[in-house]
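Working notes, structure below.
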Amino acid sequence: MAPKLHLGVALDGAGWHPAAWREPNSRPTELFAPGYWTDLAATAQRGLLDFLTIEDSLTVPGDPRAAADGALDRVRARIDAHLIAARLAPVTRHIGLVPTVTTTHTEPFHLSKAIATLDHTSRGRAGWQARISATTAEAAHFGRRPGRELSAAELAEVRATGTFPDFVHDRFDEAADVVDVVRRLWDSWEDDAEIRDIATRRFIDRDKLHYIDFRSRHFSVRGPSITPRPPQGQPVVTALAHAPLIYEFAARGADLVFVTPTRETGPASILEEIATATAAVGRDGEPLRVYADLVVFLDTEDATGAQRLTRLNEAAGAEYTSDAAVFAGGADELAELLIDWNGRGLDGFRLRPGVAVDDLAAVTDRLVPVLQRRGAFRTGYPDGSLRALLGLPTTVPNRYATT
């Protein structure tokens, strides 16, 4: 039986711990240089990982309150995730490239064109992590619409009951429309719309380009795209979700969802909530794939994962906390956890390296060999697209095709 455990990695600057940039191997002077990112991608691909995601937002990394308080001892800048992925496309061959692009302030036409282009330049390895933009500071960058954030009382209500106010529902309704428009624009060219016949002087068959004529209270988009249909037909759409409302958003338009179970409770309750959300939105056809996020601090030759995490916390002056479960330990213990949760119904995992250089290398050189010895992970890349690598259908019908 072929291994069924899927494994990706989430890259965020120097790493997910706020003090990661201060570690000896972290290359802080190169965080915005192409060589840093191509080296990380090469390490991930050497580990035969399914994909790498690249974090991005319309605000600076970390807790914005820290900057307001004068705490400047962390990375406070970003470069564009999609453009990083574009740089990685020609220097990688197998690993999927999944940048984060926000939906709230990005026109779906531009987003569709960008991800389709990435799919062409990577020869079918593109994905997209859809994320809303949630703060007034982000809205102020554009000035086209007012921002709105959860008040202290609303946040307490969300934590107590899981119920979000109407404006949050509206943001996710808008995000679902963005995903729908993007997918329709990917289909607005049929696969054989390009003729490229010099003799007849016809480059395209206009009958195989289609208006999408999408209308909702958020958008009115006619189409078609100006970019031919992506090689995958539909690049892989992902989302990070922590609550039923967001599970429903993922079920409406994503191929896979990243979730954050705790070590204590495991994935069972989240899987039940996702099943409920999937039924609520009437999703049919291909099931939504579920990947658990884990922040990892792995043992290295120099220190245990727990010792490394303690050192980082001391450097930051505070204990590290995360929306995802935090693992600090050895590769064998982590492999046991992944295999156990995989057996409980998770399709795969997205590991967040606490320190990008050190923990990604440990994933590749320590964790992956353990999983391979256990028969839980591949020993080579198969040919094909990112969809094929993830076990998604590789033949995706075009909704507008006339034949």
Side-chain angles (χ1 to χ4, degrees), residues 8-10 12 16-17 53-59 61-65 98 100-104 127-135 138 148-176 178-179 237-281 283 288-296 320-327 337 341 344-352 354:
V9 64
D12 186 13
W16 286 80
H17 196 287
T53 63
I54 306 167
E55 290 301 298
D56 204 353
S57 68
L58 300 176
T59 187
D63 186 347
R65 292 169 297 182
V98 186
T100 300
V101 185
T102 60
T103 59
T104 309
W128 165 37
Q129 182 175 340
R131 178 175 295 170
I132 69 164
S133 172
T135 69
E138 291 170 276
R148 171 78 158 84
E149 297 179 44
L150 291 171
S151 67
E154 288 169 335
L155 184 58
E157 178 73 12
V158 170
R159 288 172 174 167
T161 67
T163 302
F164 288 90
D166 289 343
F167 82 91
V168 178
H169 285 263
D170 186 65
R171 282 181 182 158
F172 280 103
D173 283 341
E174 178 189 51
V178 171
V179 174
V237 179
T238 75
L240 171 65
H242 304 94
L245 171 64
I246 317 173
Y247 299 148
E248 290 186 9
F249 162 67
R252 288 169 69 177
D255 298 296
L256 62 88
V257 60
F258 304 122
V259 298
T260 54
T262 66
R263 297 281 300 277
E264 294 74 24
T265 60
S269 61
I270 289 177
L271 290 169
E272 290 175 3
E273 290 184 75
I274 290 174
T276 300
T278 300
V281 303
R283 182 182 178 118
L288 180 64
R289 308 298 174 90
V290 185
Y291 285 54
D293 272 17
L294 289 166
V295 184
V296 295
Y320 176 72
T321 60
S322 173
D323 58 319
V326 177
F327 176 90
L337 176 64
W341 281 8
R344 298 191 197 187
L346 290 173
D347 297 291
F349 302 88
R350 183 175 69 156
L351 304 181
R352 306 180 186 179

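All figures in this text were calculated on a predicted structure; none of them were measured in a lab.
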Let me confirm one number: the [atom1]-[atom2] distance from [X] to [Y], rounded to the nearest 0.5 Å.
X: Trp128; Y: Thr103; atom1: CH2; atom2: OG1; result: 7.0 Å
X: Glu55; Y: Arg131; atom1: CD; atom2: CZ; result: 4.5 Å
X: Glu138; Y: Leu58; atom1: CD; atom2: CG; result: 5.0 Å
X: His17; Y: Arg352; atom1: NE2; atom2: CZ; result: 14.0 Å
X: Leu256; Y: Arg289; atom1: CG; atom2: CZ; result: 8.5 Å
X: Ile132; Y: Ile246; atom1: CD1; atom2: CD1; result: 7.0 Å

Item to check | Audit row: Arg350, Thr238, side-chain contact (heavy atoms from CB on, under 4.5 Å) steps and yes/no | outcome: CA-CA 12 Å; Arg350 183 175 69 156; Thr238 75; 6.0 Å; no

Item to check | With Asp293, the side-chain contact (heavy atoms from CB on, under 4.5 Å) member among Leu351, Thr53, Asp323, Leu240 | outcome: Leu240

Checklist outcome for this item: In short, Ala292 meets Leu346 closest at the heavy-atom pair CB-CD1, 3.6 Å

Checklist outcome for this item: Smallest heavy-atom separation, Ala277 atom then Pro244 atom, equals CB-O, 4.3 Å

Checklist entry - Which is it for Phe172 and Phe164 under the side-chain contact (heavy atoms from CB on, under 4.5 Å) test, yes or no, and what are the steps along the way? => result CA-CA 11 Å; Phe172 280 103; Phe164 288 90; over 6 Å; no

Does some side-chain heavy atom of [Y] sit less than 4.5 Å from a side-chain heavy atom of [X]?
X: Tyr247; Y: Ile270; answer: yes
X: Thr102; Y: Asp56; answer: no
X: Val290; Y: Ile274; answer: yes
X: Val326; Y: Trp16; answer: no
X: Leu294; Y: Leu337; answer: yes
X: Pro165; Y: Leu150; answer: yes
X: Phe249; Y: Val179; answer: yes

Item to check | Inter- and intrachain pairs under salt bridge (Lys or Arg N to Asp or Glu O under 4.0 Å), touching residues 249-272, at least two apart | outcome: Asp173-Arg252, Arg183-Asp255, Asp255-Arg387, Arg263-Glu333

Next on the checklist: Listing request: all salt bridge (Lys or Arg N to Asp or Glu O under 4.0 Å) pairs with a residue in residues 149-160, at least two apart in sequence or in separate chains.
Outcome noted: Arg148-Glu154

Item to check | Parallel, tilted or perpendicular: rings of Phe349 and Trp341 (30°, 60°) | outcome: parallel

